[in-house]
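In listed order, ligands and their atoms are each counted from 1.
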Amino acid sequence: MNRDRSTYTGLPRKEIDWFPKIDYEKCNPEECNYHCVNFCPFGVFSKDANGKVKVSQPYECNVGDESCKFQCPLGAIKFPTREELKMMLRKLREKYQK
Ligand code: SF4
């Protein structure tokens, strides 16, 4: 799939802090068999050499999409709130779209 993820509605994607964060107190890939790694079609998650799950390509994540959070059986995936996302986008629009 050819995707240009460098911008989101004209804003630089790398300045938008929207991506999953893993709560390692809860994450247990042996229990879910790396469900998030297998679920995300954009390769946001990966498994490192020690079997730990990492958010290795955060800016490949779709802004506003938190579907993986609902897939994690252990509730170990977190995202910013909708309100935080709105504020982030508002600030960036003020910065770039004056
Ligand atoms: S689905 Fe949840 S428990 Fe499983 S590897 Fe991902 S974050 Fe960890």
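Closest approach of W18 to T81, counting heavy atoms only: CZ3-O, 4.4 Å.
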Distance-only check: which donor-acceptor pairs under 3.5 Å involve side-chain atoms of residues 29-36, not counting sequence neighbours?
residue, atom, partner, partner atom, Å
Y34, OH, G51, O, 2.6
H35, NE2, Q71, OE1, 2.8

When the side chains of residues 53-61 are checked against the rest of the protein, which donor-acceptor pairs come out under 3.5 Å, sequence neighbours left out?
residue, atom, partner, partner atom, Å
S56, OG, S46, OG, 2.8
Q57, NE2, G43, O, 3.2
E60, OE1, R3, NH1, 2.6

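A donor-acceptor pair under 3.5 Å links the side-chain atoms of D23 to the main chain of E25, judged by distance alone. A donor-acceptor pair is defined here as one N or O able to donate and one able to accept, closer than 3.5 Å; no such pair exists between the side chain of R82 and the backbone of L85.
For atom 4 (Fe) of ligand 1, the nearby protein N/O/S atoms, meaning those under 2.8 Å, are C32 SG.
By the side-chain contact (heavy atoms from CB on, under 4.5 Å) test, K86 pairs with E83, R90, sequence neighbours left out.
Summary of contacts: the protein heavy atom closest to atom 7 (S) of ligand 1 is I77 CG1, 3.6 Å.
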